[in-house]
Amino acid sequence: MPLNVQGTFVSQKINKIRWIPEEYVETKNFFTGSWDDDVNSIKVWSFESLNEDQDVEIPRQLSEYKVEGDVTQIKFTDKKTIAASVSNGDVKMLEVSVYDKQTPLREVHTWKKLHNFGAETCSCTSLDTLEGDIASIGEDGNVNILNGRRGDVSQAIKGADSCSLHSVCFIKLNEVITGNIRGHMKIWDIRSSTNKPAAAFLLAGDELAATCIVHHPTQPHIILAGSESGALAVWDLRMNQFPTSLLNAHAAGITEMQFHPENPNKLITSSVSGEVWDWSMETLTKKAQEDCVPLEDKTAMNVNTLMPVLHKAVNTLHCDRGRILCGADNEAVYLLKNYKY
């Protein structure tokens, strides 16, 4: 069956979108986090078919949780709980009901104004989660490690960076990697008593922000970073002075990347240029391990366009089996069905 793309107008610019996982069936429920609205919110939705004969599925809003500011990131801490970062400096842990998705999201913990310049708050720009721990970053250049079970701050790396941090990723339980607005990447050992990075290197020579970071699901020493310019950088952390591959990818900044949960050789990326692509990662990860590959063109890779290019940014994506969700600045949600992974 060919890839089927269905778009639905939802009257909010969507900054983050996440499927809500189900154990044994294909999920129909998902979260959205909005930005640039008078009142932003995290909503729970469900896809419903208009009638059994048609293949068209329409999202229906089930519940809404309002926030003060833009939703900057949503990550799962477990199957029913999310951590969300907000541009007013807050981090929230919210729980969705397993049985009734129409029940409003329950607040488990809130870390109020976690990121700030003293009395003045600043944006919590992103976060990552691993086994109940949360790493949050902000415009204040600080990294906070939060304990999602107890609801406290287990470690704060003050002044981790002199400028705004944009992306963060757990490498393992005691190590996180951060990227700042100038493309400086730093690895932090959470157990260390000093506020000094374990390693530091540059995304590329042109000082562009590292917009997102992920690690390879089966080879955690391989790290990928998306750049403000649309380039995709790949490192082998065992020799981490500079990227082993740097690909001229999207026409504008990469907003989100996800390896397909069922196939680690498939990477899906979205961009400010309105593009959603899938990449075959086998060649790239092999090259990252074998030798240093110079700046090259994406045509050397096996790259497919998954949907028609939009005139506005695609900010977010999330895949579950053969279905991919995308959220965009044109106030629409897109469901891509029959994706062959």
Side-chain angles (χ1 to χ4, degrees), residues 1-10 12-34 42-63 71 73-76 78-82 96-98 101-102 212 214 217-218 250 254-271 274-281 302-310 312-341:
M1 291 170 78
L3 193 66
N4 177 343
V5 181
Q6 298 173 8
T8 309
F9 183 71
V10 293
Q12 275 188 317
K13 291 181 183 176
I14 302 300
N15 208 20
K16 292 295 162 211
I17 201 160
R18 301 286 177 253
W19 285 114
I20 300 173
E22 298 287 350
E23 285 287 351
Y24 306 111
V25 293
E26 198 170 61
T27 180
K28 289 186 174 294
N29 302 309
F30 63 98
F31 294 108
T32 57
S34 71
I42 296 167
K43 291 180 178 176
V44 179
W45 303 77
S46 180
F47 277 111
E48 296 179 352
S49 299
L50 293 174
N51 59 54
E52 287 179 14
D53 304 332
Q54 285 187 309
D55 195 28
V56 178
E57 293 178 68
I58 304 295
R60 180 170 73 88
Q61 183 185 319
L62 301 182
S63 75
V71 178
Q73 184 59 277
I74 296 174
K75 290 279 179 87
F76 284 93
D78 61 39
K79 284 178 180 168
K80 63 180 193 308
T81 314
I82 54 167
V96 65
S97 167
V98 177
K101 303 290 187 285
Q102 296 194 35
C212 49
V214 294
T218 58
H250 291 279
I254 297 174
T255 50
E256 191 144 64
M257 304 186 282
Q258 190 197 356
F259 282 96
H260 195 282
E262 314 281 330
N263 182 357
N265 289 320
K266 285 276 188 191
L267 177 78
I268 300 149
T269 59
S270 60
S271 168
E275 299 160 326
V276 179
W277 291 351
D278 88 332
W279 302 66
S280 174
M281 292 306 294
N302 191 358
V303 178
N304 298 310
T305 299
L306 294 182
M307 59 186 261
V309 178
L310 302 180
K312 296 264 186 172
V314 179
N315 297 319
T316 180
L317 61 90
H318 200 222
C319 44
D320 178 76
R321 299 185 177 92
R323 292 152 70 89
I324 301 171
L325 271 175
C326 303
D329 272 356
N330 63 358
E331 303 193 358
V333 164
Y334 293 86
L335 172 63
L336 284 64
K337 296 158 79 172
N338 312 324
Y339 173 67
K340 290 183 173 53
Y341 55 89

Contact summary for [X] and [Y], nearest pair of heavy atoms:
X: Ser63; Y: Gln102; value: CB-O, 3.7 Å
X: Ile14; Y: Lys16; value: CG2-O, 3.5 Å
X: Ile17; Y: Cys326; value: CD1-O, 3.9 Å
X: Leu62; Y: Asn29; value: CD1-OD1, 4.1 Å
X: Tyr334; Y: Val5; value: CD2-CG1, 4.2 Å
X: Phe47; Y: Leu335; value: CZ-CB, 3.8 Å

Does the [X] side chain pair with the main chain of [Y], one donor and one acceptor, at a distance under 3.5 Å?
X: Thr27; Y: Pro21; result: no
X: Asp320; Y: Arg323; result: no
X: Arg18; Y: Ile74; result: yes
X: His260; Y: Arg321; result: yes
X: Gln61; Y: Lys43; result: no
X: Asn304; Y: Asp278; result: no
X: Asn338; Y: Pro2; result: yes
X: Ser270; Y: Thr255; result: no

Gap between atom [atom2] of [Y] and atom [atom1] of [X] - 0.5 Å precision:
X: Lys13; Y: Asp329; atom1: NZ; atom2: CG; value: 5.5 Å
X: Thr305; Y: Trp277; atom1: OG1; atom2: CH2; value: 6.5 Å
X: Leu325; Y: Thr32; atom1: CG; atom2: OG1; value: 10.0 Å
X: Trp19; Y: Ile324; atom1: CH2; atom2: CD1; value: 10.0 Å
X: Lys75; Y: Ile82; atom1: NZ; atom2: CD1; value: 12.5 Å
X: Leu3; Y: Leu306; atom1: CG; atom2: CG; value: 6.0 Å

Are side-chain heavy atoms of [X] and [Y] found at a separation under 4.5 Å?
X: Val71; Y: Phe31; answer: no
X: Val96; Y: Lys101; answer: yes
X: Pro261; Y: Tyr341; answer: no
X: Glu57; Y: Ser49; answer: yes

Residues Glu256 and Thr316: side-chain donor-acceptor under 3.5 angstrom: yes
NZ/NE/NH1/NH2 to OD/OE distance under 4.0 Å, Glu331 and Lys312: no
Please step through side-chain contact (heavy atoms from CB on, under 4.5 Å) for the pair Met257 and Thr269, ending with a clear verdict. CA-CA 4 Å; Met257 304 186 282; Thr269 59; 3.8 Å; yes
Suppose we screen for salt bridge (charged side-chain N to carboxylate O under 4.0 Å, His left out). Which residues come up paired with Lys80, at least two apart in sequence or across chains? Glu95
Between Lys28 and Arg60, is the side-chain contact (heavy atoms from CB on, under 4.5 Å) condition met? List the steps. CA-CA 10 Å; Lys28 289 186 174 294; Arg60 180 170 73 88; over 6 Å; no
Phe76 vs His318 aromatic rings, parallel, tilted or perpendicular, using cut-offs 30° and 60°? parallel
